[in-house]
S.K.: 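For reference, the structure I am asking about is given below.
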Amino acid sequence: MIRILLADDEDLTRGALAALLDLEPDLTVTAQAADGPAAVDAATRHPIDIALLDLEMPHLDGISAAQAIRRLRPVPTVLVTRHARPGVLRRALAAGIQGFVPKTTPADRLAAILRDVHTGGRYIDHRLATHALTETPCPLTRRELDVLRAVHHGQSISALAEQHHLAPGTVRNYLSGAISKLSVRTRHEAARRAWEEGWI
C-alpha cells in the first residue's frame, strides 16, 4: 500500500482528491494538510511513502514544503498546480521534485503517476515541458528582482528600503519600473508574476 500525504489549501479539492485516491486498491491517503507548514508537520507525525502537494499554498509553497519534508524523510514529491509557468517548473526540478502535473489531470492518470514516481520514476506534464522550452527572458534588473522578492515575502516598502540600504523613494522607483515592464497594476501583482515565471 502506497501511503500518501495530500496537501491543498482548498478543502473541497483536497477532500475530493483524497476520496478518489482512496478508491485505488494500492493507494491510501494517510495524512492531509491545508497549507505548507501543516504538510511538513504531518510528514513528521504520519507514515508516508509519497507527498502530493499543491504548488500554491499559504505560508509555504509546495516547492518549499517539499524541500522541508525531504530534510525530514526521503520521500518523493509530486506537485499539482492550476497555473504552471516554465520558471516554476525549472525551480521545482532544481529542488528535486519528481512529478509536476496540472490540476486538470484525471484521477486515474494521477494514480498511475503516483505509482510510477513511488517506484523511482519521474513525470513532467508534456505541455509544461513544451512551455519551458519557449520561456520568456526576464526583463527585470537584479535590483528590481530583489525588491519583488521581498514584496513576495510580505515586506513593506520601509522594510524593503532598510533591508537593501535604499531610500524609500528609490524602492518605489524600482517597484514602478518592474510594474511597468510587467504590465501589471500593483507591486503584489508584479511579485506574483515574477514568482510564477521563476525569476524570484
S.K.: Below 4.5 Å, heavy atoms only, C-beta onward: do Tyr174 and Leu160 meet side chain to side chain?
M.R.: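 No; the side chains remain at least 4.5 Å from each other.
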
S.K.: Do Ile124 and Leu114 share a hydrophobic cluster (ILVMFWY, side-chain heavy atoms under 4.5 Å, transitive)?
M.R.: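 Per the 4.5 Å side-chain linkage, Ile124 and Leu114 are not co-clustered.
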
S.K.: Given side chains that start at C-beta, do those of Arg109 and Tyr123 come closer than 4.5 Å, heavy atoms only?
M.R.: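 The answer is yes; the side chains approach within 4.5 Å.
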
S.K.: Using a strict 4.0 Å threshold on nitrogen-to-oxygen distance, state whether Asp54 and Lys103 make a salt bridge.
M.R.: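 Yes, charged N to carboxylate O under 4.0 Å.
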
S.K.: Would you say Arg3's side chain and Thr28's backbone share a donor-acceptor pair under 3.5 angstrom?
M.R.: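 Looks like no, no N/O pair under 3.5 Å.
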
S.K.: What closest approach, in Å, do Ile69 and Ala39 show between heavy atoms, and which atom pair accounts for it?
M.R.: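 Scanning both residues completely, I find the closest heavy atoms to be CD1-O, 4.0 Å.
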
S.K.: Go through it in stages, so that I can follow the logic: the residues are Phe100 and Arg122, the test is side chain to side chain contact (heavy atoms under 4.5 Å, CB included), and I'd like the CA-CA distance, side-chain angles, deciding distance and then a yes or no.
M.R.: CA-CA 9 Å; Phe100 202 85; Arg122 174 171 282 194; over 6 Å; no

S.K.: What closest approach, in Å, do Pro37 and Pro58 show between heavy atoms, and which atom pair accounts for it?
M.R.: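 Where Pro37 meets Pro58 most closely, the heavy atoms are CD-O, 3.9 Å.
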
S.K.: What residues form a salt bridge (charged side-chain N to carboxylate O under 4.0 Å, His left out) with Asp35, not counting sequence neighbours?
M.R.: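 Not a single residue meets the salt bridge (charged side-chain N to carboxylate O under 4.0 Å, His left out) criterion with Asp35.
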
S.K.: Which distance, rounded to the nearest 0.5 Å, do you find between the CZ of Arg193 and the CH2 of Trp199?
M.R.: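 Arg193 atom CZ to Trp199 atom CH2 measures 4.5 Å (nearest 0.5 Å).
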
S.K.: Taking a hydrophobic cluster as the set of Ile, Leu, Val, Met, Phe, Trp and Tyr residues connected by side-chain heavy atoms closer than 4.5 Å, whether directly or through intermediates, do Val117 and Leu20 fall within one such cluster?
M.R.: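 No, because Val117 and Leu20 fall into different hydrophobic clusters, even though each may have its own neighbours under 4.5 Å.
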
S.K.: Show the nearest heavy-atom pair for residues Pro139 and Leu182, with the distance to one decimal.
M.R.: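 Scanning both residues completely, I find the closest heavy atoms to be CG-CD2, 4.1 Å.
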
S.K.: Atom OG1 of Thr30 and atom CD1 of Ile2: how far apart are they, to the nearest 0.5 Å?
M.R.: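 If we round to the nearest 0.5 Å, Thr30:OG1 and Ile2:CD1 are 11.5 Å apart.
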
S.K.: So His188 and Val151, do their side chains get closer than 4.5 Å, heavy atoms only?
M.R.: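 In short, these two side chains touch, coming nearer than 4.5 Å.
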
S.K.: Without swapping roles, check the side chain of Glu24 against the backbone of Leu21 for a donor-acceptor pair under 3.5 Å.
M.R.: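 Such a contact is absent between Glu24 side chain and Leu21 backbone.
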
S.K.: Leu148 and Ala190: which non-hydrogen atoms are nearest, and at how many Å?
M.R.: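 Nearest heavy atoms, Leu148 then Ala190: CD2-CB, 3.8 Å.
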
S.K.: Please check this pair: side chain of Ser183 against backbone of Ile179, looking for a donor-acceptor N/O pair closer than 3.5 Å.
M.R.: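 Flag not set: sc Ser183 to bb Ile179 has no pair under 3.5 Å.
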
S.K.: Is the shortest side-chain heavy-atom distance between Ile48 and Arg73 below 4.5 Å?
M.R.: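 A side-chain contact exists here, since the closest heavy-atom pair is under 4.5 Å.
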
S.K.: State whether the side chain of Arg187 and the backbone N or O of Ser176 hold a donor-acceptor pair below 3.5 Å, judged by distance alone.
M.R.: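 Such a contact is absent between Arg187 side chain and Ser176 backbone.
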
S.K.: I need the His118 NE2 to Gln98 CD distance, nearest 0.5 Å.
M.R.: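 These two atoms lie 11.5 Å from each other.
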
S.K.: State which residue, out of Val80, Asp61, Thr81, fulfils the side-chain contact (heavy atoms from CB on, under 4.5 Å) condition with Glu56.
M.R.: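 Exactly one option meets the side-chain contact (heavy atoms from CB on, under 4.5 Å) with Glu56, and it is Thr81.
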
S.K.: Report yes if some heavy atom in the side chain of Asp49 is under 4.5 Å from a heavy atom in the side chain of Ile4; otherwise report no.
M.R.: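 Contact flag for Asp49/Ile4 side chains = no.
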
S.K.: Using atom types as modelled and distance alone, determine if a side-chain donor or acceptor of Thr105 lies under 3.5 Å from a backbone N or O of Pro102.
M.R.: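 Checking the backbone N and O of Pro102 against the side chain of Thr105, a donor-acceptor pair under 3.5 Å is found.
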
S.K.: Count I, L, V, M, F, W, Y as connected when their side-chain heavy atoms are under 4.5 Å apart, and connections chain through other members. Are Leu55 and Val75 then in the same cluster?
M.R.: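 Yes, because Leu55 and Val75 connect within a single hydrophobic cluster, where side-chain heavy atoms sit under 4.5 Å apart.
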
S.K.: Rounded to the nearest 0.5 Å, what's the gap from NZ on Lys181 to CG on Leu140? Could you check?
M.R.: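 If we round to the nearest 0.5 Å, Lys181:NZ and Leu140:CG are 6.0 Å apart.
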
S.K.: For Ala161 and Ala167, work out which heavy atoms get closest and say how close.
M.R.: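 In terms of heavy atoms, the two residues are closest at CB-C, 4.0 Å.
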
S.K.: So, using ring pair (Phe, Tyr, Trp, His ring centres under 6.0 Å) as the criterion, who are the partners of His152 when residues are at least two apart?
M.R.: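 Per chain and number, His152 pairs via ring pair (Phe, Tyr, Trp, His ring centres under 6.0 Å) with Trp195.
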
S.K.: What distance do Leu72 atom CG and Arg70 atom CZ have between them, rounded to the nearest 0.5 Å?
M.R.: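 Separation between the atoms: 11.0 Å.
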
S.K.: Could you list the residues that satisfy salt bridge (charged side-chain N to carboxylate O under 4.0 Å, His left out) with Asp41, not counting sequence neighbours?
M.R.: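 Checked Asp41 against salt bridge (charged side-chain N to carboxylate O under 4.0 Å, His left out); matches are Arg45.
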
S.K.: Assess the residue pair Ile50 and Leu5 against the criterion (side chain to side chain contact (heavy atoms under 4.5 Å, CB included)); give the C-alpha distance rounded to whole Å, side-chain angles, the decisive distance to 0.1 Å, and a yes or no.
M.R.: CA-CA 6 Å; Ile50 193 167; Leu5 162 60; over 6 Å; no

S.K.: Is it true that atom CD of Glu189 has more than 12 heavy atoms of other residues, nucleotides or ligands lying nearer than 6.0 Å?
M.R.: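 Yes, the 6.0 Å shell around CD holds more than 12 heavy atoms from other groups.
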
S.K.: As a quick check of understanding, evaluate side chain to side chain contact (heavy atoms under 4.5 Å, CB included) for Val78 and Ile97, giving each step before the final call.
M.R.: CA-CA 6 Å; Val78 173; Ile97 304 298; 6.0 Å; no

S.K.: Is Leu145 reachable from Ile63 through a run of I, L, V, M, F, W or Y residues, each pair having side-chain heavy atoms under 4.5 Å apart?
M.R.: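 In one cluster with Ile63: Leu145, yes.
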
S.K.: Check the pair Asp8 / Gln32 against side chain to side chain contact (heavy atoms under 4.5 Å, CB included), numbers first and verdict last.
M.R.: CA-CA 8 Å; Asp8 193 305; Gln32 294 186 44; over 6 Å; no

S.K.: Apply the side-chain contact (heavy atoms from CB on, under 4.5 Å) test between Leu52 and each candidate in Val29, Leu79, Leu110; give the one that qualifies.
M.R.: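 Exactly one candidate clears the test, Leu110.
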
S.K.: Using every non-hydrogen atom in the two residues, find where Leu27 and Ala111 come nearest and quote the distance to one decimal.
M.R.: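 It is CD1-CB, 3.7 Å.
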
S.K.: Working to the nearest 0.5 angstrom, can you tell me the gap between Ser180 OG and Glu144 CD?
M.R.: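 Going from the OG atom of Ser180 to the CD atom of Glu144 covers 9.5 Å.
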
S.K.: Side-chain heavy atoms nearer than 4.5 Å, only ILVMFWY residues, links allowed to pass through others: does that put Leu17 and Val101 together?
M.R.: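 Yes.
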
